[in-house]
Amino acid sequence: MSAAFTASRRVVPSMSSMNITASPRPEGRPQPGRGRKRLAQAALGVALTGLFLWLAFSQSRLDEVAAALGQARAPAVLAALVAFLLGYACRVARWRAMLTAHNPALRWRDCAGPLFASVAANNVLPFRLGDLVRSFGFCKQLGISQGVAVTTLFVERLFDLLVVLAFLAGALAFLGGGGLVRLTSMIPVFSAAALAGLLLFPAVFERIALIVTAVLRRVLPGLAERLSSEIHRGVETIVHVSAPATMIRLLIWSVLAWSFEGLVFWFCALALPTVAAPQAAWLALPVGTLATVIPSSPGFIGTFDFFVAQAMARLGNTMAAGAAFAVLTHILLWAPPTLLGGLHLLSHPVRNLFKTENA
């Protein structure tokens with residue numbers, strides 16, 4: 001499931017996205033307890049997937065859900081697929097706008113394959129490995145450093161979070177949300193302030209990075225030496241992004257990307273005759289996206305479906321219609337990037353994922 005169950009589906013920035021030391025420790029031994037921690041995370045994800053799948057479909061009959069899916073109108077499904085591809089075209093353009101500061105020769109098609117590949121990996125592999133593929137796997141191919149790749153991924157998540165929260169506030173304001181409207185309408189404001197603070201004042205980011213490097217120099221001098229150049233390139237990327245013209249362009253691409261994704265939800269609602277209130281799709285978009293923060297299996301199975309179905313039911317649809325809508329939307333958001341990204345990975349296999357490269 002992705003930048004959209006992307007890189008894109010999970011939009012809340014994670015410090016793991018900024019961790020460029022995900023490789024084994026310098027002495028070659030794995031970190032103590034890391035395997036047990038990974039196993040516990042996987043077990044938790046599987047358990048939560050099962051729980052939310054049961055919650056999503058326990059209030060409706062499976063035969064009703066299947067019947068609703070069987071009545072899906074092909075033209076609307078095709079329109080949803082077109083909207084999905086247009087949305088991802090905007091995501092690729094946004095990523096390229098950040099990368100061209102370090103490699104002006106990059107074309108849109110150069111960036112499309114790696115972005116789809118990372119989404120495909122996230123959709124089928126655990127532990128957000130697609131983010132690592134994007135941060136480390138294609139740097140040489142793109143002519144950029146690992147620091148630049150990691151920084152652009154983090155900045156991208158900030159823009160996504162801002163736009164998704166704005167969609168949530170707008171949906172609650174126009175579709176009804178009671179007392180939640182006043183509360184959630186302020187969240188995008190605070191998010192915008194935090195985003196502006198990070199992007200407009202890159203010196204703050206640089207100071208934090210230098211402090212981290214200084215600490216590492218005391219305990220892991222070799223690693224700190226390698227990281228210093230990556231941090232420098234990352235700061236350069238932040239400086240490039242913080243330019244007003246660049247920020248406006250990135251914000252426009254972000255709004256367009258999520259607007260097209262909203263159309264995916266909208267057309268899926270129109271495709272199902274059992275959906276009586278298709279406008280609920282605009283509430284399902286931010287609710288389902290934010291629900292992917294909850295640990296689950298690859299592809300966000302269960303968590304996405306439950307909260308999307310609940311959002312649809314909240315505005316007047318039956319639980320069976322909401323569940324059918326969640327399944328159809330999930331398929332359209334999961335299958336295309338997985339197929340396209342998988343083909344790119346087959347033709348451009350990722351090797352030496354954690355090997356340090358200097359672009």
Side-chain angles (χ1 to χ4, degrees), residues 1-11 14 16-17 22 38 41-42 45-46 49 53 77-78 80-96 99 106-144 146 149-150 152-153 156-157 160 257 260-261 264-265 268 288-289 292 295-305 326-355 357:
M1 184 80 151
S2 80
F5 280 176
T6 47
S8 100
R9 270 228 71 81
R10 183 176 179 182
V11 298
S14 167
S16 62
S17 300
R38 290 293 196 186
Q41 289 174 341
V46 171
T49 292
L53 277 176
V77 174
L78 180 60
L81 178 60
V82 172
F84 170 84
L85 294 174
L86 289 173
Y88 262 83
C90 294
R91 295 177 190 278
V92 174
R94 178 181 62 180
W95 192 34
R96 176 181 175 273
L99 295 181
L106 278 176
R107 299 164 296 181
W108 183 92
R109 65 182 183 183
D110 297 327
C111 303
L115 189 145
F116 274 107
S118 69
V119 175
N122 271 340
N123 284 349
V124 298
L125 299 175
F127 311 126
R128 303 290 302 174
L129 290 180
D131 290 349
L132 297 180
V133 169
R134 186 166 162 196
S135 298
F136 300 97
F138 297 103
C139 294
K140 185 175 181 180
Q141 173 186 328
L142 295 171
I144 60 173
Q146 294 170 350
V150 172
T152 57
L153 180 61
E156 180 181 282
R157 294 285 167 78
D160 284 341
F260 280 121
E261 186 143 331
V264 174
F265 282 69
C268 284
T289 300
T292 59
S296 66
S297 62
F300 310 107
I301 298 171
T303 51
F304 174 84
D305 306 278
V327 171
L328 178 60
T329 307
H330 202 151
I331 291 173
L332 280 170
L333 292 173
W334 184 89
T338 304
L339 176 61
L340 294 173
L343 291 174
H344 185 80
L345 282 172
L346 287 176
S347 59
H348 301 79
V350 176
R351 300 185 179 90
N352 299 324
L353 185 59
F354 299 109
K355 183 178 180 181
E357 295 177 0

Compare every heavy atom of Ala93 with every heavy atom of Trp108, then report the nearest pair and how far apart it is. NE1-N, 3.7 Å
Ring centroid separation for His330 and Phe304, is it under 6.0 angstrom? yes
N/O donor-acceptor pair under 3.5 Å between Trp95 side chain and Glu156 backbone: no
State the OG-CG distance between Ser118 and Leu132, to the nearest 0.5 angstrom. 10.5 Å
Val133 vs Phe138, side-chain contact (heavy atoms from CB on, under 4.5 Å): CA-CA, chis, key distance, verdict: CA-CA 7 Å; Val133 169; Phe138 297 103; 3.5 Å; yes
Quick check for you: to the nearest 0.5 Å, what is the distance between Ile331 atom CD1 and Thr338 atom OG1? 11.5 Å
Show the nearest heavy-atom pair for residues Gln141 and Asp110, with the distance to one decimal. NE2-O, 4.1 Å
At their closest point, which heavy atom of Thr292 faces which heavy atom of Phe300, and how far apart are they? O-CE2, 3.4 Å
Shortest non-hydrogen pair, Cys111 vs Leu106, comes out as SG-CD1, 4.2 Å
Applying side-chain contact (heavy atoms from CB on, under 4.5 Å) to Asp160 and Arg94, what does each step give before you reach the verdict? CA-CA 11 Å; Asp160 284 341; Arg94 178 181 62 180; 2.8 Å; yes
Show your reasoning for whether side-chain contact (heavy atoms from CB on, under 4.5 Å) applies to Asp131 and Arg157. CA-CA 11 Å; Asp131 290 349; Arg157 294 285 167 78; 2.9 Å; yes
Any sub-3.5 Å donor-acceptor pair from Thr329's side-chain atoms to Ala326's backbone N or O? no
Leu81 CG to Leu86 CG distance, which is reported to the nearest 0.5 Å: 9.5 Å
Of all heavy-atom pairs linking Pro336 and Phe84, the shortest is CB-CE2, 3.5 Å
Are the side chains of Trp334 and Val124 in touch, meaning some heavy atoms are under 4.5 Å apart? yes
Leu339 CG to Phe116 CZ distance, which is reported to the nearest 0.5 Å: 10.0 Å
Taking all non-hydrogen atoms of both residues, which atom of Ala120 and which atom of Pro337 are closest, and how far apart? CB-O, 3.7 Å
dist Leu142:CG -> Leu115:CG (nearest 0.5 Å) comes out at 10.0 Å
Let's go through Asn122 and Arg134 carefully: what are the C-alpha distance in whole Å and the side-chain angles of both, what is the deciding distance for side-chain contact (heavy atoms from CB on, under 4.5 Å) to 0.1 Å, and is it a yes or a no? CA-CA 10 Å; Asn122 271 340; Arg134 186 166 162 196; over 6 Å; no
